[in-house]
Each structure stands twice: as structure tokens, then as C-alpha cells.
K.L.:
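There's a structure below that I have some questions on.
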Amino acid sequence: MANVGLHTLRKEERLCSRKALEELFSGSHQSVSAFPLRAVYMANEVGLTRIMVSVSKRYFKRAVKRNRIKRQIREAYRLQKDLLQPLNGGLDIAFLWTSNEELPTEKVFQKVQTILQRIHENVESVV
RNA sequence: GCAGUGAACCGGCUUGUCGCUGCUUGGAUAUGCCCCCUCGAAGGGCAUUUCCAGGGAGAGGAAAGUCCGGGCAACACAGGGCAUCUCGCUUCCUAACAGGAAGAGGUCCGAAAGGGUCAGUAAGUGCAGAAGAAAAGAACCGCCUCAUUCGUGAGGUAAGGGUGAGAAGGCGAGGCAAGAGCUCACCAGGUCGGCAGUGAUGUCGAUGCUGUGCACUCCGAGAGUUGAAAGUUCAUGUAAACCGGCGAACACAAAGAGAGGGCGGCCCGCUCGAGCUGGAGGGUAGAACGAUAGAGGGCAGUGGUGACACUGUUCGUAGAUAAAUGGCAAGCAACCCUUUCGAGGGUGACAGAACCCGGCUUACAGGUUCGCUGACUUU
RNA sequence: GGUGCGGUAGUUCAGAUGGUUAGGUUAGAAUACUAGCCUGUCACGCUAGGGGUCGCGAGUUCGAGCCUCGUCCGCACCG
């Protein structure tokens, strides 16, 4: 596989197939949470870690706020995804926001960090 | 200046750094085809994959609500009648509209500028709770006349009373037994005629013609249905496959019959017609087109009171698809607060394209420009 | 993105195609709630009572839960 730069987030690194999403949510997935963020993940056969971000209309009615949170999470993942680097094999991760309050960017950054660390630990221990 | 009011417009800017989605230029890499060549390599061309470097573009005035109107697409479509829905002061603008412009009338708010709101139909039909005598061919009390057994009875009368959203257009005078458009003046409205205006309407004259509201009716104009998840192509898939019900034809010809469908909902009439319908299932969850040059914007001129139209010139302006247009930091302008006048602190709204336009409506920090008004108060 | 439906007592729903100002009373039902009766007690049953900005704001009308417009929520459908 082509070596993907450290701090990039291209289309290949995003989950955008309907089928993959159905597998992720219906199949045997594991989850980690650091309120207000929750991550659902499972191993995939692609060999590349792919993510998606979801902010429900339930918590934020206006699209502007939803977009902002999604951008914060994406940015936090982009800059910290090397925390998962030692793992071989790909993961599919879905980040879900479960609060109706916005947080400053540093906080989101920390939450994503703890989640990535926990995912790393869990996957290591299973292997 | 201040206050009010109407209209038009703006909706931050700059830099650094790390990213995202298209486009584009150059280079590298791999694959396929072609040229060259006896063949291969090297070389050249085209297409595609991946990578690297550079360049350039990337949310709104409402992108929103989806309330109207169109373009566009698919399907449907001889015709007539009935029904349904929408619009409704006038003239104009427009692709079209329930939108806009200019104008006319009533009514409400305002001191004014100005703003809100209403509506076709004095031709017909029906209805109008409670209250009230009575809700439209009106007599309860009252008033007047006559009769009277003095209890009241017969008749006339819409001036007064109370009820009500609405009580026979209002008000004054004459008139009368008492009254009444019964007669007259003035006022409000209608009808007819003259004049002005394209017209709504205004005005002058004539005419006693005159209750309120709603619904239907009537008049004029319009409406095929669906909605880009429309639809077209490719890929994948045994999918016109299986079971039940109804049905023609096959079964001489003609006539007749014919399940079921189409002609907007119904009827007439016309027409298609060998399939129609119920059950139980299978596959896809991908790609491309649609899809970004359009009733486009700016400027100038001409016509028009204006919406707008025409002519010339100029500009290039998002195209994503589990859905990009961003994160962080600094500075500058703007506003607010504090101030020792050096500065310090704070605020920054409403809101995110999803085929595209024209409107309407709703949300909105703050700011700019122009016009109009000036009662109280102030210079 | 588009299309359609709904919002009425604490809860589940009726009602709706305009009908009652004053007076002693009113927008209903079921269930739930409160009180009383019944019973030795509870339940069942019976009787009475409270509880409503008809999602919100305007308009039309003499009068709006209903008609019209705006607005806020909730739900369903599409290939």
C-alpha cells in the first residue's frame, strides 16, 4: 500500500461506503467512549484505517454547529492518528458525538487522544 | 444635530502554518495500444493507474422555510358535458406567479412623512344561534282614529323605547288624526345619461332606487400527473422465472362477445385489447451522464412616471455525493465598557450549496448611502 | 433533496364541513388522580369532584378547536 503521509486525511481514509457502514454497525464491533465522544470500531480487510464522523441532528438542529464539531473531530484525528501507527492491519472507526454542547478545540483534541490510546491498548491486548 | 419614516446596499480584511475537494501545468512510475524496426531494447505518440512538485478556484443574503411560479425530465394526451381546485379594485411588467410597478376607493393607526388592512357579481337562491315584538312581505310597549258593556276590541302608524354585529340609509324642515322618501334641502351609496381618463374612478345632471353577514350560484381567467431519490446509460443478477383466480384467442367466415386498460375525477362518446390480478420470492445498495453559460452579473446609452424592455460593451463566477469549502495562531479596521488618555478588557449576529432560476416569507450583531416629515422638546 | 400526515385533560383518543353573550353548570369519552359510600380491611363496584393557553402568533368574522397566513415541534414515505 502506498505510504500515506502522517498528517493527511484523504478520501481513502474515510468510510464512505454504505455497505461498510452496515457491516460496522451490525457486525461484531467494539466501542470505546470518552464523553461526549464515542467510538465504534472493527478490523477490516483493506489494510488501511478508515474513519467516519457522525453528529446527530438530535443534538444539534443547525447544520453549522454539526459541521463545526465534525471538523474539530476530523482535525484532531488527523493530527494524532500516528497513535495507531504501530498496529498492522486496518481498522474502521466511527466517531459519534453524544452531547448537545459544543466543546473548545483543545478539549476535543484530548478526547480523541484518549480514545485512540484506548483503542490501541484494546487491540494490542487482543493480539 | 435629534426623533421618526421609506428605499437601496454591505454582511469583515490581511498574514503564517497544517489540511480537504475539483480543475490545470510539468515530471516520475506502471499497464495497454500505435509508430519506428527483420525482431527486441532504446526512442516517440495516445489513454489510464499511482506518486511528487507548482499554479489557480472553492457557501449565502437569506444557501433556510418549501409558501407560490417557471425551466428541465419521464409518463399521459381525438372531442364534448358535468364536477373539483386556484386567482379576483384598475392598467401595466414578466417565461410565469398568489410576485412586482404605477394608480383608484373604503377603513384603521399616526402630529406628519408614511404604514396596515379590505374587495369581482345591488341578477338570483338559501341560512342567520342567543337576545329581541320582529332577522325581511316586521306592530311588544308606545302614538293616533273609531267603537266600547270602560275590561277591552277593530284599524292606522316605523317618530320614540329596549335587544343585537345587523332593525328598513342618516339628519332637519314641511306635511299628517298620528306617522312614513309621503314631499323638499343637505349628506352616504346605487342606477341611468353627459363630460374627463386606456381603466379602476372622478365630476355634473336626472332618478326615492337603498338593512347586515355568510354560503351557494353566476361572471372572467387559469390548472394533465409526478419531481433530479425525476430520468438515461453501463456493470451485477437464471428473473418475461414459480403458484392461485379471472379471461379472449387457438376452434371456417361474418356478426357478436371479450378480462382488463386509456382519454386528469365522473358521464357520453371514442379507442387499445391478450393479457390482467393476488400470493410468495430473487438481484443490485456501484459507476457515469443529468449537473452547472443561465429568463447570468457589472457598466454605458435609448425608451418608459415606474416595474421593465432594447442596444452596445465587459466579466468568468462552487460542483461535493455518509457529502469538500476547514483547524490553530497573530494583526488590522468596526462597536461597547473602563481610563491615570499611555492603554487595558470584551463583543462579533442569523446561518452551510445538493439540478437551476424568478419571487414571497421568516431569522439576523453591526454598519453605509439617499429621499421625506417635524406635533411636543432642543440648538 | 423531495413528498405527505399530525399536534385537544397526567395518558390514549373522539369532536371538527364555523354557533351561543349573560344567568346556577358545561369542549366530550375511556383510563389515571382526589374524596365519599360499600367492606372487618383491600380490591371490584357505585357516587361526586378537580384537572384544558385545543402547539404558538396574527388575520377573516358579530363569533375560530374548526377557515386563511406565518411559525415551532413530531412522524411516515421515495431509489
Side-chain angles (χ1 to χ4, degrees):
Chain A
M1 202 64 212
N3 60 325
V4 176
L6 263 185
H7 302 302
T8 59
L9 192 63
R10 299 256 174 114
K11 193 89 168 275
E12 301 89 58
E13 297 176 69
R14 293 210 300 268
L15 259 179
C16 45
S17 155
R18 201 169 200 150
K19 206 164 186 176
L21 277 167
E22 270 176 30
E23 276 178 29
L24 176 58
F25 284 102
S26 63
S28 57
H29 59 256
Q30 290 179 284
S31 71
V32 164
S33 65
F35 184 82
L37 201 58
R38 200 168 99 89
V40 173
Y41 66 96
M42 67 179 287
N44 66 9
E45 296 94 38
V46 183
L48 190 70
T49 298
R50 301 182 297 183
I51 67 153
M52 65 157 294
V53 179
S54 167
V55 179
S56 172
K57 222 172 188 175
R58 230 182 108 162
Y59 300 113
F60 294 97
K61 202 165 151 38
R62 301 296 170 200
V64 173
K65 291 184 180 176
R66 290 201 303 272
N67 282 350
R68 169 153 175 88
I69 289 170
K70 283 158 84 172
R71 282 163 181 160
Q72 283 176 326
I73 295 172
R74 266 207 301 273
E75 196 69 9
Y77 172 78
R78 182 174 73 79
L79 296 172
Q80 299 179 88
K81 67 175 185 174
D82 47 326
L83 289 171
L84 296 172
Q85 196 67 9
L87 298 174
N88 34 352
L91 292 173
D92 285 345
I93 309 175
F95 291 97
L96 307 172
W97 192 262
T98 56
S99 163
N100 56 358
E101 282 180 19
E102 285 186 86
L103 286 183
T105 307
E106 315 94 70
K107 292 258 184 181
V108 176
F109 207 80
Q110 286 170 15
K111 299 290 181 189
V112 171
Q113 193 176 30
T114 57
I115 279 187
L116 290 179
Q117 282 167 351
R118 283 190 204 169
I119 289 176
H120 191 193
E121 284 165 21
N122 288 3
V123 173
E124 287 269 276
S125 63
V126 166
V127 170

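Just so we're on the same page: letters track the sequence lines, and every chain starts at 1. Just so you know, these numbers use all the heavy atoms, side chains as well, and skip hydrogens, waters and symmetry mates. Quantities reported herein were computed from a predicted structural model and do not represent experimental measurements.
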K.L.:
Flag the pair A:I93 / A:L84 as yes when at least one side-chain heavy-atom distance between them is below 4.5 Å, and no otherwise.
P.N.:
yes
K.L.:
A:T105 side chain N/O closer than 4.0 Å to the phosphate oxygens (OP1, OP2) of B:G327?
P.N.:
no
K.L.:
Within the 4.5 Å heavy-atom criterion, are A:V53 and A:Y77 side-chain neighbours or not?
P.N.:
no
K.L.:
Between P on B:C328 and CD on A:Q110, what's the gap in Å once rounded to a whole number?
P.N.:
14 Å
K.L.:
What is the base-pairing partner of B:C242, counting Watson-Crick and G-U wobble geometry with both distances under 3.5 Å?
P.N.:
B:G279
K.L.:
Taking all non-hydrogen atoms of both residues into account, name the closest pair between A:S33 and A:R118 and its distance.
P.N.:
O-NH1, 2.9 Å
K.L.:
Taking atom C1' in both B:A320 and B:G358, compute the distance separating them and give it to the nearest angstrom.
P.N.:
26 Å
K.L.:
For B:U107, give the paired nucleotide (Watson-Crick: N1-N3 plus N6-O4 or O6-N4; G-U: N1-O2 and O6-N3; both under 3.5 Å), or none.
P.N.:
B:G116
K.L.:
Has the side chain of A:R71 got a donor or acceptor atom sitting under 3.5 Å from an opposite partner on the base of B:G352?
P.N.:
yes
K.L.:
When rounded to the nearest Å, what value does the distance between C1' atoms of C:C42 and C:G24 take?
P.N.:
39 Å
K.L.:
Using O4'-C1'-N9-C4 for purines and O4'-C1'-N1-C2 for pyrimidines, with syn meaning within 90° of 0, is B:G61 syn or anti?
P.N.:
syn
K.L.:
Locate the shortest heavy-atom distance separating A:F60 from A:S99; write the atom from each residue and the value.
P.N.:
CE1-O, 3.5 Å
K.L.:
Name the residue closer to the 5' end of RNA chain B, choosing between A:A63 and A:V53 according to the nucleotide with the nearest heavy atom.
P.N.:
A:V53
K.L.:
In whole angstrom, give the distance that lies between atom CZ of A:R62 and atom P of B:A363.
P.N.:
12 Å
K.L.:
Choose from B:U325, B:A351, B:G327 the nucleotide whose nearest atom is closest to any side-chain atom of A:R74.
P.N.:
B:U325
K.L.:
Are the side chains of A:Q80 and A:V112 in touch, meaning some heavy atoms are under 4.5 Å apart?
P.N.:
yes
K.L.:
Please report, rounded to the nearest Å, how far the P atom of B:G352 is from the CD1 atom of A:I69.
P.N.:
14 Å
K.L.:
Both distances under 3.5 Å, Watson-Crick or G-U wobble: report the partner of B:U317, or none.
P.N.:
none
K.L.:
Can you check the distance between B:C270 and B:G79, where both ends of the measurement are the C1' atom (answer in whole Å)?
P.N.:
8 Å
K.L.:
What's the base orientation of B:A293: syn (chi within 90° of 0) or anti?
P.N.:
syn
K.L.:
Return the value, rounded to whole Å, for the distance between atom NZ of A:K57 and atom C1' of C:G1.
P.N.:
11 Å
K.L.:
Under a 3.5 Å cut-off for both distances, is B:G342 Watson-Crick or wobble paired, and to whom?
P.N.:
none
K.L.:
Take N1-N3 plus N6-O4 or O6-N4 for Watson-Crick, N1-O2 plus O6-N3 for G-U, both under 3.5 Å. Which runs of 3 or more such pairs involve RNA chain C?
P.N.:
C:1-7 with C:72-78, C:10-13 with C:28-31, C:33-37 with C:45-49, C:55-59 with C:67-71
K.L.:
Taking CG from A:N67 and C1' from B:A64, how many angstroms apart are they, rounded to a whole number?
P.N.:
14 Å
K.L.:
Where does B:G151 land, syn or anti, given syn is within 90° of 0?
P.N.:
syn
K.L.:
Would you measure the distance from the P atom in B:A375 across to the matching atom in B:A111 and give it in whole Å?
P.N.:
12 Å
K.L.:
Quick one: which protein N/O atoms are closer than 3.5 Å to N/O atoms of nucleotides 18-21 of chain B? Pair and distance per line, please.
P.N.:
{"residue": "B:C18", "atom": "O2'", "partner": "A:R78", "partner atom": "NH1", "Å": "2.8"}
{"residue": "B:C18", "atom": "O2'", "partner": "A:R78", "partner atom": "NH2", "Å": "3.2"}
{"residue": "B:C18", "atom": "O2", "partner": "A:R78", "partner atom": "NH2", "Å": "3.3"}
{"residue": "B:G19", "atom": "O4'", "partner": "A:R78", "partner atom": "NH1", "Å": "3.1"}
{"residue": "B:G19", "atom": "O2'", "partner": "A:R78", "partner atom": "NE", "Å": "3.2"}
{"residue": "B:C20", "atom": "OP1", "partner": "A:R10", "partner atom": "NE", "Å": "3.2"}
{"residue": "B:U21", "atom": "OP1", "partner": "A:K11", "partner atom": "N", "Å": "3.2"}

K.L.:
What's the base orientation of B:G224: syn (chi within 90° of 0) or anti?
P.N.:
anti
K.L.:
For nucleotides B:G319 and B:U292, find the distance between their C1' atoms and express it as a whole number of Å.
P.N.:
7 Å
K.L.:
Under 4.5 Å between any side-chain heavy atoms of A:P36 and A:W97, yes or no?
P.N.:
yes
K.L.:
Given the C1' atoms of B:G371 and B:A113, what is the spacing between them in whole Å?
P.N.:
11 Å
K.L.:
When the P atoms of B:C204 and B:C310 are considered, how many whole Å apart are they?
P.N.:
46 Å
K.L.:
Any idea if B:A59 is syn or anti, going by the 90°-from-0 cut?
P.N.:
syn
K.L.:
Do A:Y59 and A:I69 have side chains that get closer than 4.5 Å, going by heavy atoms?
P.N.:
no
K.L.:
Just how far, in rounded Å, is C1' of B:G326 from CD of A:Q72?
P.N.:
11 Å
K.L.:
Distance check, C1' atoms only: B:G205 and B:A136, in whole angstrom units.
P.N.:
34 Å
K.L.:
Rounding to a whole Å, what distance do you find between A:K65:NZ and B:A64:P?
P.N.:
19 Å
K.L.:
Any side-chain heavy atom of A:I51 within less than 4.5 Å of one from A:Y41?
P.N.:
no
K.L.:
For residues 64-76 of chain A, which residue pairs pass the side-chain hydrogen bond (donor to acceptor under 3.5 Å, both in side chains) check, not counting sequence neighbours?
P.N.:
A:Q72-A:T105, A:E75-A:R78
K.L.:
Measure across A:M52 and A:S54 and return the closest heavy-atom pair with its distance rounded to 0.1 Å.
P.N.:
CE-CB, 3.9 Å
K.L.:
Whole Å only: how far is the NZ atom of A:K61 from the P atom of C:C73?
P.N.:
4 Å
K.L.:
Could you tell me the Watson-Crick or G-U partner of B:A307, where both distances fall under 3.5 Å? Say none if there is no partner.
P.N.:
none
K.L.:
For A:R66, which contact category applies under a 4.0 Å heavy-atom criterion: base, sugar-phosphate, or nothing?
P.N.:
nothing
K.L.:
Quick one: CG on A:L91 to CE on A:M42, what's the gap to the nearest 0.5 Å?
P.N.:
10.0 Å
K.L.:
Going by purine N1 to pyrimidine N3 plus the second Watson-Crick contact, or the G-U wobble pair, all under 3.5 Å, which nucleotide sits opposite B:U207?
P.N.:
B:G190
K.L.:
Which heavy atom of A:L83 sits nearest to which heavy atom of A:H120, and what is that distance?
P.N.:
O-ND1, 3.3 Å
K.L.:
Searching all strands shown, indicate the nucleotide that pairs with B:C216 (Watson-Crick or G-U wobble; both distances under 3.5 Å).
P.N.:
B:G124
K.L.:
Could you let me know what B:C270 is paired to, Watson-Crick or G-U wobble, both distances under 3.5 Å, or none if it's on its own?
P.N.:
B:G262
